[in-house]
Amino acid sequence: MDEQIQAISQPIFAIAGREFNLNSTQQVSDVLFKELDLPHERLRKTKSGHFSTASDVLENLIEQDETGIAQKMLEYREMQKLKSTYVDSLPTMIHPLTGRLHTSLSQTGAATGRLSSSNPNLQNIPIRNEAGRQIRRGFVARPGWQFVAADYSQVELRILAHVSGDTGLVEAFRLDQDIHKATAAAVFSIPLEKVTFEQRRFAKAVNFGLIYGMGAFRLARDSEMTLGEAERFIEAYFKQFPGIQGYLEGTKRQAAEKGYVETLLGRRRYFEILHNPKSSANHNEKERARREAINHPIQGTAADIIKLAMVEIHKALQEGGYAAKMLLQIHDELIFEAPEAEVEAVRELVVRLMSNAYTLAVPLKVEASVGKSWYALKE
DNA sequence: CTCAATAGCGCG
DNA sequence: AAAGCGCGCTATTGAG
């Protein structure tokens, strides 16, 4: 990746006889969409009226783009992001006395009760693409120590199963089924072993979309379905998981009647927009508030639970006389650093306390891994 | 120079 | 435009 990153030091590109700065989305938009022979009537516009050059737009253009500029820009952007945000920036933030990076965690940064991380943000270190993932090679445990990482598996869907009481979802988690596969089998009315990769991928998108209050429009856009087909699919989904439909409706009703919704542990988020019938908010704002209300009890409960686990684990490490330290929380995941001799005990302790942090109608599954670097975590 | 808004994108 | 939630950081742009 070093070579790839070095290769982007020059952000000036020439195309259609003009030079422009690839960092300037406005320049790119003007040149790429107006001077090139691309159909630009149907393209998305930004707030300021320029054509959007967001990655999803460029990806859709690759096919028809004979110049190859769309592909080039995506590659350039990926490397530029990694270079500016991580490779160039993180080393400058190493503390001179400790030789380490120290983030600041805010307990009030997120409306749902999540923590947020800043200066630097260590909750968004790349992992999804291999080039970015290489950044994690830079995070290494001190000599003779190892990282122990433990994350909740599907914690938000498990919380949805609990708060909705949906029997199908609860059963699937109790049987420790592959939840997206089980969803696909249910909505397509086929046996588990007949579920294709595509069907599972689709069910996964729908499961996540629900947590965020997704509608038929988005579903249709992200799939090959028409709007009508997407509406029928969602209908079929709710028929299969009526508890989920009940949760969505109940949450909306509570937000309207009481003006707030809350997590299992009582953390509230207020929605004046939905409570006040004379609210001046427009339709879009109300729809957004509706989705926020749907999401809060789920995301917020997950945040409550991992915080309980963090308190318990801190206590247990202290009382057990461990040298191991809790380093970082990434929403559904905790990272520790432990001396070699403590690794197995810490791993066992962390998995146990995270799993038992709060009792739901379904098990809280925790997966752990160990390694000398953040890149090399295994198991 | 600082400040705010915007576009874009990294993560869960 | 906006049409799935929650964040923080970088670069550009335009303003004072």
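Throughout, a chain's letter reflects where its sequence line sits, starting with A, and its residues are numbered from 1.
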Peer 1: Counting side-chain heavy atoms from CB outward, which of B:dA7, B:dG12, C:dA11 is closest to A:Q80?
Peer 2: C:dA11

Peer 1: Which residues, if any, of residues 114-122 of chain A bring a heavy atom under 4.0 Å of DNA chain C?
Peer 2: A:R114, A:S116, A:S117, A:S118, A:N119, A:N121

Peer 1: Taking ring-ring contact (aromatic ring centres under 6.0 Å, His included) as the definition, give me every residue that meets it alongside A:Y86, ordered by chain and number, with sequence neighbours left out.
Peer 2: none

Peer 1: Are A:F233 and A:F202 close enough that their ring centers fall under 6.0 Å?
Peer 2: yes

Peer 1: Which residues in residues 261-282 of chain A have a heavy atom closer than 4.0 Å to any atom of DNA chain C?
Peer 2: A:R269

Peer 1: Salt bridge or not between A:K325 and A:E337? Use side-chain N to carboxylate O under 4.0 Å.
Peer 2: no

Peer 1: Considering only NZ, NE, NH1 and NH2 on the basic side and carboxylate oxygens on the acidic side, decide whether A:K252 and A:E257 come within less than 4.0 Å.
Peer 2: no

Peer 1: At less than 4.0 Å, is any side-chain N or O atom of A:R288 found next to OP1 or OP2 of C:dA2? Yes or no.
Peer 2: no

Peer 1: Rounded off to whole Å, could you give me the CG-to-C1' distance for the A:L82 and B:dC9 pair?
Peer 2: 10 Å

Peer 1: Give a yes or no on whether a donor-acceptor pair under 3.5 Å exists between the nucleobase atoms of C:dC7, that is its base, and the side chain of A:Q123.
Peer 2: no

Peer 1: Using a strict threshold of under 4.0 Å (side-chain N to carboxylate O), is an ion pair present between A:E235 and A:R232?
Peer 2: no

Peer 1: If you check every side-chain atom of A:N124, which of B:dA7, B:dG12, C:dG8 has the closest atom?
Peer 2: C:dG8

Peer 1: Does B:dG8 have OP1 or OP2 sitting under 4.0 Å from an N or O in the side chain of A:S52?
Peer 2: yes

Peer 1: So that I can compare with my own list, what are the stems of DNA chain C, taken as at least three consecutive Watson-Crick or G-U pairs with distances under 3.5 Å?
Peer 2: B:1-12 with C:5-16

Peer 1: Give the rounded distance in Å between these two atoms: CZ of A:R44 and C1' of C:dA1.
Peer 2: 10 Å

Peer 1: A:G209 near the nucleic acid: base, sugar-phosphate alone, or nothing, with a heavy-atom cut-off under 4.0 Å?
Peer 2: base

Peer 1: State, without any angle test, whether A:R77 and A:T53 hold a side-chain donor-acceptor pair at a distance under 3.5 Å.
Peer 2: yes

Peer 1: Select base, sugar-phosphate, or nothing to describe what A:R221 touches, counting heavy atoms under 4.0 Å on all strands.
Peer 2: nothing

Peer 1: Would you sort out whether A:Y237 and A:F188 count as a ring pair (Phe, Tyr, Trp, His ring centres under 6.0 Å), showing the intermediate values?
Peer 2: CA-CA 9 Å; A:Y237 185 101; A:F188 293 119; over 10 Å; no

Peer 1: Has the side chain of A:R291 got a donor or acceptor that lies under 3.5 Å from a partner of the other kind on the base of C:dG6?
Peer 2: no

Peer 1: With sequence neighbours excluded, tell me which residues meet salt bridge (charged side-chain N to carboxylate O under 4.0 Å, His left out) with A:E198.
Peer 2: A:R201

Peer 1: Ignoring the backbone of A:S84, work out which of B:dG12, C:dA11, B:dC9 is nearest its side chain.
Peer 2: C:dA11

Peer 1: Are A:R352 and A:E348 close enough for a salt bridge, meaning some N to O gap below 4.0 Å?
Peer 2: yes

Peer 1: Between A:R269 and A:E292, does any NZ, NE, NH1 or NH2 come within less than 4.0 Å of an OD or OE carboxylate oxygen?
Peer 2: yes

Peer 1: If you count heavy atoms of other groups shown closer than 6.0 angstrom to NE2 of A:H314, is the number above 12?
Peer 2: no

Peer 1: What residues from residues 89-105 of chain A pass a heavy-atom cutoff of under 4.0 Å to DNA chain C?
Peer 2: A:S89

Peer 1: Look at the rings of A:H102 and A:H95 and say which category their plane angle falls in: under 30° parallel, 30 to 60° tilted, over 60° perpendicular.
Peer 2: perpendicular

Peer 1: Would you mind telling me which of B:dC11, B:dG12, B:dA7 lies closest to the side-chain atoms of A:I330?
Peer 2: B:dG12

Peer 1: Indicate, with a heavy-atom threshold strictly under 4.0 Å, whether A:F208 touches base, sugar-phosphate, or nothing.
Peer 2: base

Peer 1: Taking CD from A:E156 and P from B:dG12, how many angstroms apart are they, rounded to a whole number?
Peer 2: 12 Å

Peer 1: Determine: side-chain N/O of A:T112 to OP1/OP2 of C:dC5, distance under 4.0 Å, yes or no.
Peer 2: no

Peer 1: Rounded to the nearest angstrom, tell me the gap between atom CG in A:D56 and atom P in B:dG8.
Peer 2: 9 Å

Peer 1: Mapping A:S48 and A:T85 onto DNA chain C by nearest heavy atom, which one lands closer to the 5' end?
Peer 2: A:S48

Peer 1: If you find the nucleotide of DNA chain C closest to A:K47 and the one closest to A:V206, which residue's nucleotide is nearer the 5' end?
Peer 2: A:K47

Peer 1: Taking CG from A:L43 and P from B:dA7, how many angstroms apart are they, rounded to a whole number?
Peer 2: 15 Å

Peer 1: Out of curiosity, A:Y270 OH to A:E272 CD, how far, rounded to the nearest 0.5 Å?
Peer 2: 10.0 Å

Peer 1: Using a heavy-atom cut-off of 4.0 Å across all strands, would you classify A:A205 as base, sugar-phosphate, or nothing?
Peer 2: base

Peer 1: To the side chain of A:N295, which of C:dT10, C:dA3, C:dG6 is closest?
Peer 2: C:dG6

Peer 1: Does the side chain of A:Q123 pick up a donor-acceptor pair with the side chain of A:S117 at under 3.5 Å?
Peer 2: no

Peer 1: Which pair of non-hydrogen atoms, one from A:G99 and one from A:I94, has the smallest distance, and what is that distance?
Peer 2: C-CG2, 3.3 Å

Peer 1: Whole angstrom is fine here: how far is it from NE2 in A:H331 over to C1' in C:dC7?
Peer 2: 6 Å

Peer 1: Under 4.0 angstrom, heavy atoms only, what part of the nucleic acid is A:L219 near: base, sugar-phosphate, or nothing?
Peer 2: nothing

Peer 1: Considering only C:dA3, B:dG8, C:dA1, which nucleotide approaches the side chain of A:F217 most closely?
Peer 2: C:dA3

Peer 1: Please check if the number of heavy atoms outside A:E193 that lie under 6.0 Å from its CD is greater than 12.
Peer 2: yes

Peer 1: Just to be sure I understand the rule, does A:N284 reach a base, reach only the sugar-phosphate, or reach nothing, if contact means heavy atoms closer than 4.0 Å?
Peer 2: base

Peer 1: Please give, in whole Å, the distance from B:dG8 P to A:K45 NZ?
Peer 2: 13 Å

Peer 1: Over all strands shown, is A:I298 touching base, sugar-phosphate only, or nothing at heavy-atom distances under 4.0 angstrom?
Peer 2: nothing

Peer 1: Pick the P atom in B:dT6 and in C:dA1, then give their distance to the nearest Å.
Peer 2: 13 Å

Peer 1: Tell me: CZ of A:F51 to C1' of B:dT6, nearest whole Å?
Peer 2: 18 Å

Peer 1: If every non-hydrogen atom of A:T103 is compared with every non-hydrogen atom of A:S118, which pair is closest and at what distance?
Peer 2: OG1-O, 3.2 Å

Peer 1: Just to be sure I understand the rule, does A:E292 reach a base, reach only the sugar-phosphate, or reach nothing, if contact means heavy atoms closer than 4.0 Å?
Peer 2: sugar-phosphate

